[in-house]
Student: 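If you scroll down you'll find the structure; I have some questions about it.
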Amino acid sequence: MADTAVTTPLRSPLSHAADRLAAATRASGGAIRLAELPFLTQINVRLDPKGAAADAVGLALGLQLPVEPDTVVRAGELTALWLGPDEWLVAGPPGGGQALESRIREAAGDEPVSVIDVSAQRTTLLVAGPRARDLLAHGCSLDLHPRLFGPGRCAQTNLARAQVVLVARDEPRAGFWVLVRSSFAGYLTDWLLDAAVEWTG
């Protein structure tokens, strides 16, 4: 019997804004770079950081889950963000959610663990360039000075009144990830573009 299922191509929350983000990047003359990084795999993990599962999951992922508050550990294509004393977000390339979730569950074995694929919950905005910190500072109450929020730091915070996870990438030139709920992505993009007018004219 022929397969008659209709396959609909994935559409990111900000696909409609890609041209506007690219135009703002060009107009800034290199001061800022704005883009969506759609469909990143995002797995929420909760477990006892002092239990056997933490070490086993770390070995399976090839990275140790960070235990220092608001820090990031990166290895290869995976990034682990500290969200709380027993909670992390593991991010990876698009399309890897099921495999990554299975890998974590299998590593934890019989140990108590919560593993949830939240990839569809948020999208990711890249904010980079020499003026990235200035742009974010317009709507974020965190002190984003590199001494306090440099590479390898993350925080759950508000940006323009939208709840986000803000990540300082591992190299200063790599800028920031702004993980925002899909339902707020359009609003936050509009805000970023408006705030960027200072550099885009």
Student: With no hydrogens and no angle check, is any side-chain donor or acceptor of S15 less than 3.5 Å from a backbone partner on R11?
Tutor: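 No; zero donor-acceptor contacts below 3.5 Å.
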Student: Locate the shortest heavy-atom distance separating V113 from A108; write the atom from each residue and the value.
Tutor: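 That closest heavy-atom pairing would be CG1-CB, 3.6 Å.
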Student: Decide whether V73 and V57 are clustered together by the hydrophobic rule: side chain heavy atoms of Ile, Leu, Val, Met, Phe, Trp, Tyr closer than 4.5 Å, transitively.
Tutor: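 Yes, same cluster.
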Student: Checking T189 against V180 for the side-chain contact (heavy atoms from CB on, under 4.5 Å) test, could you report, in this order, the C-alpha distance in whole Å, the side-chain angles of both residues, the deciding distance, and whether it holds?
Tutor: CA-CA 10 Å; T189 296; V180 60; over 6 Å; no
Student: Flag the pair I32 / V127 as yes when at least one side-chain heavy-atom distance between them is below 4.5 Å, and no otherwise.
Tutor: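 When only atoms from C-beta onward are counted, V127 and I32 do not touch, as no gap falls below 4.5 Å.
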Student: Please determine whether side-chain contact (heavy atoms from CB on, under 4.5 Å) holds for the pair L125 and V164, giving the CA-CA distance in whole Å, both sets of side-chain angles, and the decisive distance to 0.1 Å.
Tutor: CA-CA 10 Å; L125 280 157; V164 302; over 6 Å; no
Student: With a 4.5 Å cut-off on side-chain heavy-atom distances among I, L, V, M, F, W and Y, is there a chain of contacts connecting L63 to V90?
Tutor: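 Yes.
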Student: Between W177 and R169, is there a donor-acceptor pair closer than 3.5 Å when you use the side chain of the first and the backbone of the second?
Tutor: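 No, W177 side chain to R169 backbone: no donor-acceptor pair under 3.5 Å.
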Student: With rounding to the nearest 0.5 Å, note down the distance linking CG in L21 to CG in L192.
Tutor: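 Nearest 0.5 Å value for the CG-CG distance: 8.0 Å.
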Student: When rounded to the nearest 0.5 angstrom, what distance separates CZ in R122 from CG in L89?
Tutor: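 Going from CZ on R122 over to CG on L89, the span is 5.5 Å.
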Student: Show the nearest heavy-atom pair for residues V72 and C154, with the distance to one decimal.
Tutor: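 Looks like CG2-CB, 3.6 Å.
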Student: Nearest 0.5 angstrom please: R103 CZ to L78 CG, how far?
Tutor: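 Nearest 0.5 Å value for the CZ-CG distance: 5.5 Å.
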Student: Taking all non-hydrogen atoms of both residues into account, name the closest pair between L135 and W191 and its distance.
Tutor: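 The answer is O-CH2, 3.7 Å.
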Student: Any sub-3.5 Å donor-acceptor pair from R46's side-chain atoms to S114's backbone N or O?
Tutor: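 No; judged by distance alone, with no hydrogens or angles, the pair does not exist.
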Student: Closest heavy-atom contact between L126 and A174?
Tutor: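 Between these two residues, the closest heavy atoms are CD1-O, 3.5 Å.
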Student: Can you confirm whether E111 is buried at CD, in the sense that more than 12 heavy atoms of other residues, nucleotides or ligands lie under 6.0 Å from that atom?
Tutor: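 Check passes, neighbour count above 12.
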Student: Taking CD in Q121 as the centre, count heavy atoms belonging to other residues, nucleotides or ligands within less than 6.0 Å. Is the count above 12?
Tutor: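 Atom CD in Q121 is crowded, with more than 12 foreign heavy atoms closer than 6.0 Å.
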Student: Considering non-hydrogen atoms only, spot the tightest contact between P94 and P38 and give its length.
Tutor: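 Scanning both residues completely, I find the closest heavy atoms to be CG-O, 3.8 Å.
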Student: Check the pair E198, H138 against side-chain contact (heavy atoms from CB on, under 4.5 Å), reporting the backbone distance first and the verdict last.
Tutor: CA-CA 11 Å; E198 179 176 346; H138 278 304; 3.4 Å; yes
Student: Please work out whether the ring planes of F149 and F176 are parallel, tilted or perpendicular, with thresholds of 30° and 60°.
Tutor: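 Correct class here is parallel.
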Student: Tell me whether T124 contacts the main-chain N or O of L179 through its side chain, where contact means a donor paired with an acceptor under 3.5 Å.
Tutor: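 Side chain of T124 to backbone of L179, a donor-acceptor pair under 3.5 Å: no, none is there.
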Student: Should we count CZ of R33 as having more than 12 external heavy atoms under 6.0 Å?
Tutor: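 Count not over threshold, so no.
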Student: Just how far is it from atom CG of L100 to atom CD1 of I43, taken to the nearest 0.5 Å?
Tutor: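 Here the interatomic distance stands at 5.0 Å.
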Student: Same cluster or not: are Y187 and L193 linked, directly or through other Ile, Leu, Val, Met, Phe, Trp or Tyr residues, by side-chain heavy atoms under 4.5 angstrom apart?
Tutor: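 Yes, one cluster joins them.
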Student: How about E101 and I116: do any of their side-chain heavy atoms sit closer than 4.5 Å?
Tutor: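 They are not in side-chain contact.
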Student: Strictly distance-based, threshold 3.5 Å: is any side-chain N or O of S119 a donor or acceptor partner for the main-chain N or O of Q42?
Tutor: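 Checked: pair present.
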Student: Quick one: do L166 and L159 satisfy side-chain contact (heavy atoms from CB on, under 4.5 Å)? Show the steps, please.
Tutor: CA-CA 9 Å; L166 185 62; L159 178 61; 5.6 Å; no
Student: Do other residues, nucleotides or ligands put more than 12 heavy atoms under 6.0 Å from the CZ atom of R181?
Tutor: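 No.
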Student: Please name all residues satisfying salt bridge (Lys or Arg N to Asp or Glu O under 4.0 Å) with D117, sequence neighbours left out, ordered by chain then number.
Tutor: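 If we apply the salt bridge (Lys or Arg N to Asp or Glu O under 4.0 Å) test to D117, skipping adjacent residues, there are no hits.
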Student: Hydrophobic clusters here meaning ILVMFWY residues chained together by side-chain heavy-atom distances under 4.5 Å, can you tell me if L188 and F184 are in one?
Tutor: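 Shared cluster, yes.
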Student: For E36, enumerate each residue passing the side-chain hydrogen bond (donor to acceptor under 3.5 Å, both in side chains) test, keeping only those at least two apart in sequence or located in another chain.
Tutor: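 Expected list: S12, T123.
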Student: Looking at every heavy atom in both L47 and P112, which two are closest together, and how far apart are they?
Tutor: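 That closest heavy-atom pairing would be CB-O, 4.0 Å.
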Student: Same cluster for L61 and V115 if Ile/Leu/Val/Met/Phe/Trp/Tyr side chains link at under 4.5 Å?
Tutor: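 Yes.
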Student: Counting only heavy atoms from other residues, nucleotides and ligands, does the tally under 6.0 Å from CD of Q98 exceed 12?
Tutor: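 It does not: Q98 CD has 12 such atoms or fewer within range.
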Student: Which distance, rounded to the nearest 0.5 Å, do you find between the CG of N44 and the CD of E87?
Tutor: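 So the CG of N44 and the CD of E87 are separated by 4.5 Å.
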Student: Judged by atom type as modelled, is there a donor-acceptor pair below 3.5 Å linking the side chain of T79 to the main-chain atoms of R74?
Tutor: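 A pair under 3.5 Å: no.
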Student: Hey, what do you get for CD (E77) to CG (L40), rounding to the nearest 0.5 Å?
Tutor: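 It comes to 11.0 Å.
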